[in-house]
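Quick caveat, the model's predicted, so the values are computed rather than measured. Read the numbers this way: they start at 1 and go in the same order the structure lists the ligands and their atoms.
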Amino acid sequence: MHDSIASLEERYRASSPRSRAAFERACAVMPGGAKGAYFHPPYPLTMARGEGCALYDVDGRRFVDFANHHTAQILGHRHPAVLAAIQEQLERGIALGAPVGVETELAEEMCRRVASVEKLRFCNSGTEATLHAVRLARGFSGRPKIAKFEGGYHGSHDAVEVSVSPPLDRAGPETAPHAVPNAGGMSPHAAEEAVILPYDDEAAVERLITQHRHELACVIFDPKAGILPQRPAFVQAVREITRTNEVLLIVDEIVGFRVGTGGLQESYDITPDLTTFGKIIGGGFPVGAFGGRADIMGLLDTTRGSTGFFQSGTFSAHPVAMAAGLATLRHLTPEAFARLNGLGERLCARLNDLFARRQTPVQAVGLGSLFSIHCASGRLATYRDLARADSAMAHRLFLALLEHGYFLSHGLVMNALSLAMDETHVDGLVEAIDRALASS
Ligand SMILES: Cc1ncc(COP(=O)(O)O)c(C=O)c1O
């Protein structure tokens, strides 16, 4: 790529005057104009609408959407079955202050799909799901600390916002990472109560968990590590080490549940004690869920009197989100997953052929319908490996792809395909990346 960031951003500004005006207006009333994840220089596009696999911005341009709302839109935009389910629920009322039944149907569907989940509860986001799962693990075990992996993201509450993206000069030794708070204003106890584990290193994980076993309530673990899928032997070792040390294992399937009917845990053949969900199970609406062993989840059953535990929320199990999620899961048959994941494999294989042919230090890393494009060469398995990535190059490629009509997540990590796509969209993205690398 030869185009400078300055020239790409200049062309970006020229082609998106309405987005620019929308952003300036937003900045007057919202800090930074948009939530942090949406911002990228010079300003984010404002979208007017989505249809199938396409997004249309307020300047009238069309993009093929490979971001799919932070991976949550697995059927694509405005899927007719989801729209019908929402409409049907809306006609019965939006929120009725009582169970409506559809939440039970969705819970049954999820328990049927995920063998380790005997009981579950709904909440409003992935963040809430991990908050309640960690709290339950602490209460059940009577122990104060949690272990998490360096670079692992599990939402934005204090317990898990530790060592998510620590600066390397504060991160400590690779095999015994320091606990570094990720945001200002966090309780100092969050870092004190976190044990940080390195990915891809069974020996270090075993040593750290054994050392802290009497104070550890749980390990929270995303086996695809953002999108750096971990070796099956490593994932299974994490399960064995936690089991041997009698430490609960929470598997974070908030994104991973889109890889197959039984989620990541089925594909890695592990049985966690608790699991957290979000994203696709709400069909595009705010949602979260956590579930697992009946003896642990039973702490939330207060029908025979107080257990000392509690989980609630005005909008938890919101009927419209439940209806949209149920309609979505009903479309996610084994055949649908096979088609979608086949597209993901085709995309990564073709991209990596392209990068090899062009001898460009870029690689596609994927799992099922999820993929990241990392501007880095060599094996990538840990948070620290990713520190080598060239973020300026990722920004240039991101802007160049917008010019070619492709919308990916900024930074090019955590992209996802949808069932509204076929081979033409996948091959189109490969060609667009080829052109972007050649011309710019
Ligand atoms: C693995 C993982 N866990 C948890 C979360 C938090 O979910 P939410 O954004 O719904 O709070 C995310 C969000 O991207 C995630 O990727």
Distance filter under 4.0 Å to Ser125 heavy atoms, resulting ligand 1 atoms: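 Near Ser125, meaning under 4.0 Å from one of its heavy atoms, ligand 1 has 10 (O), 11 (O).
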
Considering the heavy atoms of Asp222, write down every atom of ligand 1 situated less than 4.0 Å from one of them.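 Matching atoms, with element in brackets: 1 (C).
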
Which heavy atom in Asp158 sits nearest to a heavy atom in Ala190, and how many Å separate them?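 Of all heavy-atom pairs spanning Asp158 and Ala190, the closest is O-CB, 3.4 Å.
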
Val365 versus Ile227, closest heavy-atom pair with distance: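 It is CG1-O, 3.5 Å.
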
Taking the inter-plane angle between the rings of His40 and His410 on a 0 to 90° scale, is it parallel (under 30°), tilted (30 to 60°) or perpendicular (over 60°)?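 Ring orientation of His40 relative to His410: parallel.
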
Taking the inter-plane angle between the rings of His318 and Phe315 on a 0 to 90° scale, is it parallel (under 30°), tilted (30 to 60°) or perpendicular (over 60°)?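 His318 and Phe315: tilted rings.
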
Side chain, backbone, both or neither: Thr127 near ligand 1, heavy atoms under 4.0 Å: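 Near ligand 1, Thr127 shows its backbone as well as its side chain.
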
Please collect all salt bridge (charged side-chain N to carboxylate O under 4.0 Å, His left out) contacts where either partner lies in residues 225-245, sequence neighbours excluded, each pair once.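 Every pair satisfying salt bridge (charged side-chain N to carboxylate O under 4.0 Å, His left out) with a residue in residues 225-245: Asp200-Arg231, Glu202-Arg231, Arg239-Asp273, Glu240-Arg243.
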
Heavy atoms of the protein only: does one fall short of 4.0 Å from atom 10 (O) of ligand 1?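 Given the 4.0 Å cut-off, atom 10 (O) of ligand 1 counts as touching protein heavy atoms.
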
Identify the protein heavy atom lying closest to [atom], giving its residue, its atom name and the separation to 0.1 Å.
atom	answer
atom 6 (C) of ligand 1	Gly155 CA, 3.6 Å
atom 15 (C) of ligand 1	Tyr153 CD2, 3.8 Å
atom 3 (N) of ligand 1	Asp252 OD2, 2.7 Å
atom 16 (O) of ligand 1	Val255 CG2, 3.2 Å
atom 8 (P) of ligand 1	Gly126 N, 3.5 Å

Would a line drawn from the ring center of Phe149 to the ring center of Phe221 be shorter than 6.0 Å?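 Yes.
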
With a 6.0 Å cut-off on ring centres, are Tyr12 and Tyr43 close enough?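 So the answer is yes for these two rings.
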
Lys224 versus ligand 1: do any nitrogen or oxygen atoms come within less than 3.5 Å of each other?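 By distance alone, the answer is no.
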
Could an N or O of ligand 1 be found under 3.5 Å from any N or O of Lys279, whether backbone or side chain?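 Right, the criterion is met.
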
Could a heavy atom of His154 be found less than 4.0 Å from some atom of ligand 1?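 Yes, that is the case, since the closest heavy atom of the residue is under 4.0 Å from the ligand.
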
Any heavy atom of Thr130 closer to ligand 1 than 4.0 angstrom?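 Heavy atoms of Thr130 never come under 4.0 Å of ligand 1.
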
Assess the side chains of His154 and Thr276: does a donor N or O sit below 3.5 Å from an acceptor N or O?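 His154 vs Thr276: no donor-acceptor pair found between side chains.
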
Of all residues at least two apart in sequence or in a different chain, which pass the side chain to side chain donor-acceptor pair (under 3.5 Å) check with Glu108?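 Applying side chain to side chain donor-acceptor pair (under 3.5 Å) to Glu108 gives none.
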
